[in-house]
Number of protein chains: 2
Amino acid sequence: MGISPLPPLTPRKSPRQDRAVATLDAIFEATIQVLLSDGLIRLTTTRVARRAGVSVGTLYQYFPNKQALLFAVMERYLAMLSGAIEEACAQNLGAKVEGIAETVVKAYLEAKMDQAEVSPSLYRIALELDARELIEAASRRSAKAIGAVLSTAVDGRFANPALLAQTLTAALYGTLPAFCHLVLSPADGREAQKQLTIMFRSYLASHQNGGLSADAAP
Amino acid sequence: MGISPLPPLTPRKSPRQDRAVATLDAIFEATIQVLLSDGLIRLTTTRVARRAGVSVGTLYQYFPNKQALLFAVMERYLAMLSGAIEEACAQNLGAKVEGIAETVVKAYLEAKMDQAEVSPSLYRIALELDARELIEAASRRSAKAIGAVLSTAVDGRFANPALLAQTLTAALYGTLPAFCHLVLSPADGREAQKQLTIMFRSYLASHQNGGLSADAAP
DNA sequence: GTTAGATGTGAAGGATCTTTCAGTTTTTGG
DNA sequence: CCAAAAACTGAAAGATCCTTCACATCTAAC
């Protein structure tokens, strides 16, 4: 086993017509379903295709191999998460710090609760293929958005909003692997939201108006 | 797909000679190694056997199928965990409550840190095959041991030591899936130990000498 | 209506895997 | 030292699975 050829992981082609978009959606949905009902070991390209109501050939038209499919599913999930955060941030430009903290946490957890029952399966993928870069990329996007809202907050100027945003994002995404193994009940979700909001608010308050030097960078 | 035949998951036979014990150990170790280097999808009975320095046939002498092997690996890991707790409890009969709390947490986390780098892989197995019953059995064993020490504590009588033990065990094993996806550094381990010890001590203190009614059972 | 490009099909090749079994080697007990 | 039991071997059958490819079908634009 010398230098492995490193099979491509990027999609093979993008859909141009509407029905192709529908096909792709069906494939993604089917992948989740198979993962849920059959497990990762028994997840088969043929099985996924059949569940999606397509033929295997169609699947391979969009993904060069099975791993690329799993990667794409993971990517799509993370994009949904960071997308929700970005949208929430965009709608809170110029708001107050308290409101920002609450909105960000709420956006994240609501997006997560929507996918509550599939998240354990996605976590399984993340463990299997090494998805660190994917997760980091998503969290970088979120941090950028959060940094942007923070610097527009009407109350309080932050010495280093980017650093704060990075910390908050880490806390947010850090709880992801910790919790996504279990299916959160609505009650659990509410409680988690409450606790995280409090944490974020106090963290931000301690840095408000230069409360502490936050510029020390190695 | 009607009623599936439900393949057996129990070991095929037990080792009688020393070398057979060594073989089994090698197989277990090899399973972990393959899981670590190749992932769950590429974990193959042949691969495991080769890494263990045995032939496939030997592997199938002890396990009726691949799933039984994975189950056994999981079982062995959990037995180690609950075994560590049981031993710690046995050596603290008649001790003080503070000491008991500290010892139990320490025993659990030390056992876990020993296996730090394999724990993510084991978690992958736990997700794949449904290991809930296994985990519950292990935590029941631990709860029994903890309940026993608590009822012998020199200071303080507990109204319902079994209930307290059950709660503590849940907290302990509950953090297992939450944390075992990451490789704990020694520093993280120390910090976790500190926090859990504090939590346990205060929980126990609040119930000491009938501080609260703890007998409400549904 | 025609045609080029986009999309979809599914049988089949080739690779890999699980599991078995007939036979060999090692250990134990006498 | 010998026979019976235990342990081990590894080739190979049978089952899956990944992936491709030659071909059919559909869509859009002229």
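Letters A, B, ... are given to chains in the order of the sequence lines, protein chains preceding strands, and every chain is numbered from 1.
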**Report entry** Heavy-atom donor-acceptor pair, B:Asn92 side chain to B:Ala95 backbone, under 3.5 Å
**Finding:** no
Requested in this report: Name all residues meeting the side chain to side chain donor-acceptor pair (under 3.5 Å) criterion together with A:Ser151; count only those two or more places apart in sequence or in a different chain, and write none if there are none.
Outcome: none
Query - Pairs meeting criterion salt bridge (Lys or Arg N to Asp or Glu O under 4.0 Å) with involvement of residues 59-69 of chain B, two or more places apart - result: none
Query raised in the report: Just the endpoints, please: which first and last nucleotides of DNA chain D, 5' to 3', lie under 4.0 Å from a heavy atom of chain B?
Result: D:dA6 to D:dG10
**Report entry** Closest contact, heavy atoms only, A:Ala72 versus A:Phe63
**Finding:** CB-CE2, 3.6 Å
List, with names and distances, any nitrogen or oxygen atoms from the protein found under 3.5 Å away from nitrogen or oxygen atoms belonging to nucleotides 21-30 of chain C.
none

Query raised in the report: Do any pairs count as a salt bridge (Lys or Arg N to Asp or Glu O under 4.0 Å) and have a residue in residues 54-64 of chain B, sequence neighbours left out, and if so which ones?
Result: none
Query raised in the report: Quick one: side chain to side chain donor-acceptor pair (under 3.5 Å) pairs with a partner in residues 79-91 of chain B, sequence neighbours left out?
Result: B:Glu86-B:Arg141
**Report entry** Inter-axis angle, terminal five-pair segments of the helix from C:dG1-D:dC30 to C:dG30-D:dC1 [nearest 10°]
**Finding:** 20°
Query raised in the report: Between A:Thr58 and A:Val54, is there a donor-acceptor pair closer than 3.5 Å when you use the side chain of the first and the backbone of the second?
Result: no
Report task. Calculate the interatomic distance between A:Arg50 atom CZ and C:dG8 atom P; express it in whole Å. Result -> 19 Å
Requested in this report: List in chain and number order the residues that pass salt bridge (charged side-chain N to carboxylate O under 4.0 Å, His left out) with A:Arg42, two or more places apart in sequence or in another chain; answer none if no residue qualifies.
Outcome: none
What donor-acceptor contacts under 3.5 angstrom involve side-chain atoms of residues 28-36 of chain A, with partners at least two apart or in another chain?
| residue | atom | partner | partner atom | Å |
| --- | --- | --- | --- | --- |
| A:Glu29 | OE2 | A:Gln33 | NE2 | 2.9 |
| A:Thr31 | OG1 | A:Ile27 | O | 2.7 |

Query raised in the report: Which residues satisfy the side chain to side chain donor-acceptor pair (under 3.5 Å) test with A:Arg19, sequence neighbours excluded?
Result: A:Gln17
Query raised in the report: Going by atom types alone, do B:Arg51 and B:Ser37 pair a side-chain donor with an acceptor below 3.5 Å?
Result: yes
Just the atom pairs and distances: protein N or O near nucleotides 14-17 of chain C's N or O, under 3.5 Å.
| residue | atom | partner | partner atom | Å |
| --- | --- | --- | --- | --- |
| C:dC17 | OP1 | B:Arg47 | NH2 | 2.6 |
| C:dC17 | O5' | B:Thr44 | OG1 | 3.3 |

Requested in this report: Would you mind classifying the nucleic acid contact of A:Val54 as base, sugar-phosphate or nothing, using non-hydrogen atoms under 4.0 angstrom?
Outcome: sugar-phosphate
Requested in this report: Apply side chain to side chain donor-acceptor pair (under 3.5 Å) to B:Arg76 and list each qualifying residue two or more places apart in sequence or on a separate chain.
Outcome: B:Asp25
Query raised in the report: With a 4.5 Å heavy-atom cut-off, do A:Thr23 and A:Pro15 have their side chains touching?
Result: no
